Amino acid sequence: MAEYAPSYYMATANTLGNDTRCHAELVGEVTTDVCIVGAGYTGLSAALHLAEKGYSVTLLEAEKIGWGASGRNGGQVCPGHNMEYQALKSKVGAGNAKVLWDMSIESVALVRQLITQHNIQCDQKQGVLHVAAKASHVNALQESVEHKQKELGYEDIRYLARDEIQAMLGTDHFHAGEYWSEGIHLHPLNYALGLADAALGAGVSIYENTRVSAYKTGVDTRVSTVQGEVKARYILLACNGYIENLEPRIASKIMPINNFMLATEPLSDELCHRINRDDVAVADSKFVVNYFKLSADNRILWGGGENYTRRFPKDIRHFVQRHMLEVYPELAGVKVDYGWGGTLAITLNRMPYFARIEGNLFVAQGYSGHGVALATLGGKLMAEAVSGSAEKFDLFAKVPTPDFPGGTLLRWPGLVAGMLYYSLRDRFL
Ligand SMILES: Cc1cc2nc3c(=O)[nH]c(=O)nc-3n(C[C@H](O)[C@H](O)[C@H](O)COP(=O)(O)OP(=O)(O)OC[C@H]3O[C@@H](n4cnc5c(N)ncnc54)[C@H](O)[C@@H]3O)c2cc1C
């Protein structure tokens with residue numbers, strides 16, 4: 001039987017183990033309108049929105065609901081895309097770039113709306129702060145804030161000078177910041193479980209422990225699992241960094257990478273206030289991003305460090321802790337209670353990859369570290385595309401997603417070298 005990887009999120013998951021959380025493996029044949037593969041935010045959001053439109057939906061998850069990146073991430077939710085706005089404009093034109101920017105704002109609003117509408121208990125808090133890790137990053141940060149305010153007309157962002165950041169974070173490690181007042185942060189696994197509850201309430205059938213091994217499309221569309229089969233009109237792929245070889249036609253569009261987190265022991269109110277006065281989520285400007293926030297029970301949840309192999313480091317706590325101690329050496333004596341990792345998918349241009357692979361086969365993946373909001377939106381847009389309103393889905397799909405060099409088989413060695421090069425630049429330049 002599948003289990004969650006041990007983490008702070010798993011230890012504090014809402015009613016985990018309760019019967020309503022255990023969904024049997026699919027055995028035998030079922031018929032449905034839409035079969036969705038993968039129960040992270042993408043699959044859960046697609047399922048919920050389709051069921052609300054009246055479709056019958058069968059959601060197949062190889063492990064457990066939110067077992068993938070959706071149950072393990074930093075929980076930071078913020079507008080914007082990881083691709084430079086000017087680059088996006090040059091790819092899709094000024095009008096489309098602005099619509100894509102607006103959709104990133106919509107994605108955050110969607111997360112907030114779903115939490116409220118379905119009363120999801122996920123420790124939601126307000127405020128996301130991006131900080132310059134180096135003096136050389138300050139100008140770009142300031143220009144980026146001005147661009148959003150003046151060119152995009154976005155008001156909910158503010159530039160903060162070094163002394164303000166120092167007062168907020170109790171360290172002089174950072175050089176400036178941009179504060180997103182409409183950004184939020186949350187308990188990611190409980191958000192996923194809340195979406196699942198909402199989807200179940202809307203009539204979705206969820207099968208855990210049910211790995212899809214193959215499918216065939218066309219008039220007689222069928223999805224095969226170890227012990228069962230789903231006859232469907234549509235298939236939606238929502239496997240992101242865990243897709244492996246399920247769909248070789250899109251394999252070269254993404255690269256799976258592993259990212260790691262820790263949770264300290266609970267800290268005093270005084271210490272929490274000193275290192276995160278306003279209880280916001282923080283992320284720095286390094287290529288391998290350091291990010292942190294406080295949990296509902298006063299722990300530091302710190303993310304830092306990546307690797308690009310199939311294995312996680314043996315001692316994840318120590319692997320992440322050294323990043324935390326570079327910023328806050330005074331936390332050296334603080335006990336680390338949990339360390340865990342997860343796999344996410346990045347694209348070469350850092351925009352999500354949405355595609356209609358065949359007439360009734362869709363995929364949304366490759367959120368490049370922005371998936372809490374964009375995967376929630378991606379699921380909704382796939383649901384709209386299935387129901388005949390594909391404009392927004394198609395706009396994402398129009399952004400050209402280059403193949404990772406080397407194609408499916410050869411892309412690893414060169415890419416790993418490239419990623420390592422940039423993470424070394426973080427350290428030395
Ligand atoms: C450590 C970490 C920190 C992160 N921090 C942030 C953050 O702070 N903010 C942010 O916006 N994003 C963050 N991300 C990224 C974010 O978590 C992801 O983009 C998002 O969760 C993707 O959701 P998803 O549903 O597409 O994929 P996932 O949540 O990975 O779900 C995919 C699911 O598909 C299932 N699956 C795969 N293959 C099959 C198959 N053959 N049959 C059946 N099921 C299958 C898997 O078991 C998995 O449950 C982080 C990611 C990690 C790993």
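Quantities reported herein were computed from a predicted structural model and do not represent experimental measurements. Each ligand, and each atom within it, is numbered from 1 in the order the structure gives.
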Minimum non-hydrogen distance to [atom], winning option of [options]:
{"atom": "atom 47 (O) of ligand 1", "options": "Q76, K293, E61", "answer": "E61"}
{"atom": "atom 1 (C) of ligand 1", "options": "L301, V108, N259", "answer": "N259"}
{"atom": "atom 39 (C) of ligand 1", "options": "C239, P352, G75, S45", "answer": "C239"}
{"atom": "atom 23 (O) of ligand 1", "options": "S70, A69, S213", "answer": "S70"}
{"atom": "atom 50 (C) of ligand 1", "options": "V226, L59, N73, V372", "answer": "N73"}

Could you establish whether [X] and ligand 1 come within less than 4.0 Å of each other, counting only heavy atoms on the residue side?
{"X": "G241", "answer": "no"}
{"X": "Y291", "answer": "yes"}
{"X": "T210", "answer": "yes"}

Q: Check whether the ring centres of F362 and F393 lie less than 6.0 Å apart, and answer yes or no.
A: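 Yes, ring centres under 6.0 Å apart.
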
Q. Can the ring centres of Y4 and Y9 be said to be less than 6.0 Å apart?
A.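 Judged by ring-centre distance (under 6.0 Å), Y4 and Y9 do not meet the cut-off.
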
Q. Should the proximity of L60 to ligand 1, defined as any heavy atom under 4.0 Å, be assigned to the side chain, the backbone, both, or neither?
A.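 For L60, the contact with ligand 1 is made by the backbone alone.
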
Q.
Taking distance alone, with N or O pairs closer than 3.5 Å, would you say Y41 contacts ligand 1?
A.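 Y41 vs ligand 1: N/O contact under 3.5 Å present.
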
Q.
Considering both backbone and side-chain atoms of G369, is one of its nitrogen or oxygen atoms within less than 3.5 Å of a nitrogen or oxygen in ligand 1?
A.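 Looking only at distances, the answer is yes, because the N/O contact criterion of under 3.5 Å is met.
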
Q. Between D102 and K98, is there a salt bridge with N-O shorter than 4.0 Å?
A.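 Salt bridge present between K98 and D102.
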
(Q) Tell me whether E358 at atom CD has more than 12 heavy atoms from other residues, nucleotides or ligands lying less than 6.0 Å away. (A)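 Atom CD in E358 is crowded, with more than 12 foreign heavy atoms closer than 6.0 Å.
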
